Colleague: 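Please read through the structure below; I'll follow up with questions.
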Amino acid sequence: MRPRRGPGGGGTERDTSMTGVVRTRIAPSPTGDPHVGTAYVALFNYAWAKKNGGQFVLRIEDTDRERSNAASERMIFDSLRWLGLEWDEGPDVGGPHGPYRQSERSELYRQHAELLVERGGAYPCFCTRERLDALREEQRAAKASVMGYDRHCRALSPAEAARRRAAGEPHVIRLAMPTEGATVVRDLLRGELSFDNTLIDDQVLMKSDGFPTYHLANVVDDRLMGITHVIRAEEWISSLPKHARLYEAFGWEEPVFCHLPLLRNADKSKISKRKNPVSLNYYRRAGYLPEAMLNYLALMGWAISADRDEFTLDEFIGAFTLDSITLGGPVFDLEKLTWMNGKYMRKLAVPELLARLRATVLSDEYLLRVLPLAHERVDKLEDFVEYARFFFVGEVGYDAEARDKLVAKKRTPADTAAALARLLEEALDPLLEWNAANLEQVLRAFAEAQAWKPGDLFMPLRIAVTGKAATPPLFETMEVLGREVCRRRLRAAVELLRSLPAPTA
RNA sequence: GGCCCUGUCGUCUAACGGUUAGGACACCGGUCUUUCAAGCCGGCAGCAGGGGUUCGACUCCCCUCAGGGCCGCCA
């Protein structure tokens with residue numbers, strides 16, 4: 001059976017099902033820092049493509065206009081390249097199935113959504129946000145077993161719906177799920193997964209801003225880009241039936257689905273920045289070697305043999321098979337990663353070690369940023385290393401004076417800890433561009449909002465991020481230290497403050 | 001709460017009906033060494049529980065329990 005043509009009859013659709021070529025993709029959303037989970041999934045996709053002589057595609061899923069940003073996209077490119085997971089097709093390298101940025105493919109999604117509406121596989125929904133919020137609230141309050149959209153607008157006649165659309169009424173397009181029976185989808189690792197259709201709500205496909213949701217964009221793009229194996233994280237399993245329904249509604253053959261286990265915190269919850277460093281920038285700054293990182297990640301759910309855990313990327317590709325992945329959610333163990341990194345470090349010849357240092361912590365680029373801040377504050381060259389120590393180490397300790405001033409003036413350790421924790425979460429984490437001007441702005445605003453004198457807040461902050469009471473200007477210093485280092489040290493400071501006894505008087 | 005996924009040492013994993021259940025991290029000893037690491041040697045530690053199937057179950061089936069994910073006009 002031949003797959004049906006897509007809408008418009010344009011030449012964009014390619015059928016690779018008969019060619020036997022393996023095509024995989026990593027499809028990160030450019031919101032925030034490049035995530036270790038992205039690297040994990042990318043590695044397995046990369047390996048599978050390479051093993052089969054196929055292509056590995058990078059697609060940017062930036063359909064969330066609120067949160068997507070260019071800085072984040074750049075960091076994704078940098079991080080994946082740092083790891084050596086080069087893509088064959090992507091936004092920056094091009095390729096025959098572009099564009100590879102979803103925000104540049106709007107017309108494609110619109111066409112496909114329209115096609116579905118014509119066929120009755122999707123329908124316009126005019127429900128307001130208020131109504132949906134109220135509905136959700138109601139369901140929550142009633143402890144309803146089935147949550148989700150109540151299909152209110154599905155009852156509208158096509159003519160009525162078309163009239164209201166023509167009148168310019170704001171709306172979304174929703175997928176019309178079957179209202180009975182079950183959807184069965186095959187996962188390569190888990191076999192047949194069955195979902196009761198009555199329990200699946202009518203997912204939004206096109207948002208009212210004209211952008212698609214993940215569900216539509218992902219299915220359309222995987223199809224048009226000829227992706228043969230959708231290897232992604234387990235968290236997507238629950239939306240699998242919606243995706244399967246989309247393939248069916250379009251008349252397309254499904255790709256192979258393979259859901260990888262989720263990386264976990266020590267308490268087994270989905271890995272998160274509150275409990276683990278999750279930014280690839282962190283690992284790069286801390287001086288983990290990319291080859292060690294890849295090796296360690298490959299160990300999450302896979303083993304090359306019973307008594308070996310060190311191997312190269314090429315060896316991984318050679319021995320890897322998708323069906324040999326283990327399903328238990330692996331705890332991401334920094335300690336073992338660090339051990340493995342040590343192994344790789346020791347294997348390096350000294351000139352190579354020097355090269356690595358010169359490329360990272362001791363790069364001219366970095367030194368050129370640190371030097372201006374230390375310049376006028378040292379009198380002899382030999383004082384430099386001592387003075388600028390905190391620019392080069394991981395964790396910092398506090399001397400007596402610093403420890404003393406880590407607790408804000410006229411505040412308790414607990415209050416200071418709470419303030420720094422909030423500061424991190426509410427001011428620093430959401431900050432898009434990490435630079436001195438922005439830092440000053442959000443930090444001053446935060447102090448004001450918390451009714452703290454700026455100075456009272458900035459000293460504990462200074463000590464937390466540098467370990468010292470006397471440093472170069474705080475905001476410039478934080479800019480150079482970078483988000484990762486500041487976040488890590490702030491967390492350590494908060495922990496220390498929490499362990500400090502409350503003042504007796 | 002509903003649906004779905006998962007379940008071997010504390011952690012990452014090997015085993016694919018027959019093994020004293022193997023390796024690695026961590027931890028604890030020993031060894032080497034001017035010190036500290038690294039290295040080497042050794043030790044501690046596990047099949048979630050209960051039913052089946054089978055001559056025989058970590059391996060297959062069922063139930064229970066436990067953990068996790070999802071339930072957004074986020075991905």
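All of these numbers come straight from a predicted model, not from anything done at the bench. Chain letters run A, B, ... following the sequence lines, proteins first and then strands; every chain starts at 1. Because only heavy atoms are used, hydrogens play no part in the values below, and waters and symmetry mates are left out as well, while side chains stay in.
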Colleague: Among residues at least two apart in sequence or on other chains, which ones pass side chain to side chain donor-acceptor pair (under 3.5 Å) with A:H259?
Modeller: A:D187, A:R232

Colleague: What does B:U20 pair with, Watson-Crick or G-U, if both distances are under 3.5 Å?
Modeller: none

Colleague: Please work out whether the ring planes of A:F77 and A:W87 are parallel, tilted or perpendicular, with thresholds of 30° and 60°.
Modeller: tilted

Colleague: Let me know which of A:L313, A:L85, A:L83 forms a side chain to side chain contact (heavy atoms under 4.5 Å, CB included) with A:P290.
Modeller: A:L83

Colleague: At under 4.0 Å between heavy atoms, which parts of nucleotides 58-75 of chain B does protein reach? Answer with one letter per nucleotide, 5' to 3': B base, S sugar-phosphate only, - none.
Modeller: ---------SSSSBSBBB

Colleague: What integer distance in Å separates A:K336:NZ from B:C25:P?
Modeller: 7 Å

Colleague: Return the nucleotide paired to B:A26: Watson-Crick means purine N1 to pyrimidine N3 with N6-O4 or O6-N4, wobble means G-U with N1-O2 and O6-N3, both under 3.5 Å.
Modeller: none

Colleague: I'd like the C1' distance from B:U31 over to B:U8, given in whole Å.
Modeller: 32 Å

Colleague: What does B:G67 pair with, Watson-Crick or G-U, if both distances are under 3.5 Å?
Modeller: B:C5

Colleague: Please report the distance, rounded to the nearest Å, between CG in A:L297 and C1' in B:U13.
Modeller: 15 Å

Colleague: For A:T63, run the side chain to side chain contact (heavy atoms under 4.5 Å, CB included) check against A:S29, A:S103, A:P212 and tell me which one passes.
Modeller: A:P212

Colleague: What residues, two or more places apart in sequence or in another chain, satisfy side chain to side chain donor-acceptor pair (under 3.5 Å) together with A:R422?
Modeller: A:E426

Colleague: Rounded to the nearest angstrom, tell me the gap between atom CD1 in A:I237 and atom C1' in B:C5.
Modeller: 5 Å

Colleague: If I pick the P atom on B:G46 and the same atom on B:C9, what distance separates them, to the nearest angstrom?
Modeller: 9 Å

Colleague: Partners of A:D88 by side chain to side chain donor-acceptor pair (under 3.5 Å), sequence neighbours excluded?
Modeller: A:K50

Colleague: Looking only at atom P, what distance separates B:A48 and B:U59, rounded to whole Å?
Modeller: 8 Å

Colleague: Who is the Watson-Crick or G-U wobble partner of B:A38, with both distances under 3.5 Å?
Modeller: none

Colleague: Please work out which residues in residues 298-331 of chain A have a non-hydrogen atom less than 4.0 Å from an atom of RNA chain B and list them by number.
Modeller: A:L299, A:M300, A:G301, A:A303, A:A306, A:D307, A:D309, A:T326, A:L327, A:G328, A:G329, A:P330, A:V331

Colleague: Taking the same atom, P, in B:C32 and in B:A45, what whole-Å distance lies between them?
Modeller: 27 Å

Colleague: Distance check, P atoms only: B:C58 and B:A15, in whole angstrom units.
Modeller: 16 Å

Colleague: Answer yes if the side chains of A:S68 and A:D62 hold a donor-acceptor pair under 3.5 Å, and no otherwise.
Modeller: no

Colleague: Under 4.0 Å between any heavy atoms, over every strand shown, what does A:L205 touch: base, sugar-phosphate, or nothing? Just pick one.
Modeller: nothing

Colleague: How long is the span from the CG atom in A:N276 to the CD1 atom in A:I271, to the nearest 0.5 Å?
Modeller: 4.5 Å

Colleague: Ring-plane angle category for A:F316 and A:F320, please: parallel below 30°, perpendicular beyond 60°, tilted otherwise.
Modeller: tilted

Colleague: When you compare B:G67 with B:C41, how far apart are their P atoms, in angstrom units rounded to a whole number?
Modeller: 40 Å

Colleague: Quantified in whole Å, what is the P atom distance between nucleotide B:G51 and nucleotide B:G43?
Modeller: 34 Å

Colleague: Measuring only the C1' atom in each nucleotide, how far is B:A75 from B:G18? A whole number of Å is fine.
Modeller: 48 Å

Colleague: Specify the separation, in whole Å, of atom CG of A:L189 and atom P of B:U6.
Modeller: 9 Å

Colleague: Yes or no on side chain to side chain contact (heavy atoms under 4.5 Å, CB included) for A:L424 and A:V494, after CA distance, side-chain angles and deciding distance?
Modeller: CA-CA 10 Å; A:L424 178 61; A:V494 167; over 6 Å; no

Colleague: Nearest whole Å is fine: how far is B:U13 P from A:F332 CZ?
Modeller: 12 Å

Colleague: What distance do A:L58 atom CG and A:D92 atom CG have between them, rounded to the nearest 0.5 Å?
Modeller: 7.0 Å

Colleague: Which nucleotides of nucleotides 27-49 of chain B have their base under 4.0 Å from a protein heavy atom (B), which only their sugar-phosphate (S), and which neither (-), written as one string 5' to 3'?
Modeller: -----------SS----------

Colleague: Is the positively charged end of A:R164 above the ring of A:F126, judged by distance under 6.0 angstrom from the centroid and angle within 45° of the axis?
Modeller: yes

Colleague: Should the pair A:W236 and A:H243 be assigned to parallel (<30°), tilted (30 to 60°) or perpendicular (>60°) ring geometry?
Modeller: tilted

Colleague: Within this structure, what is the CE-to-C1' distance between A:M177 and B:C3, rounded to whole angstrom?
Modeller: 13 Å

Colleague: Which base sits across from B:A15 as a Watson-Crick or G-U pair, both distances under 3.5 Å?
Modeller: none

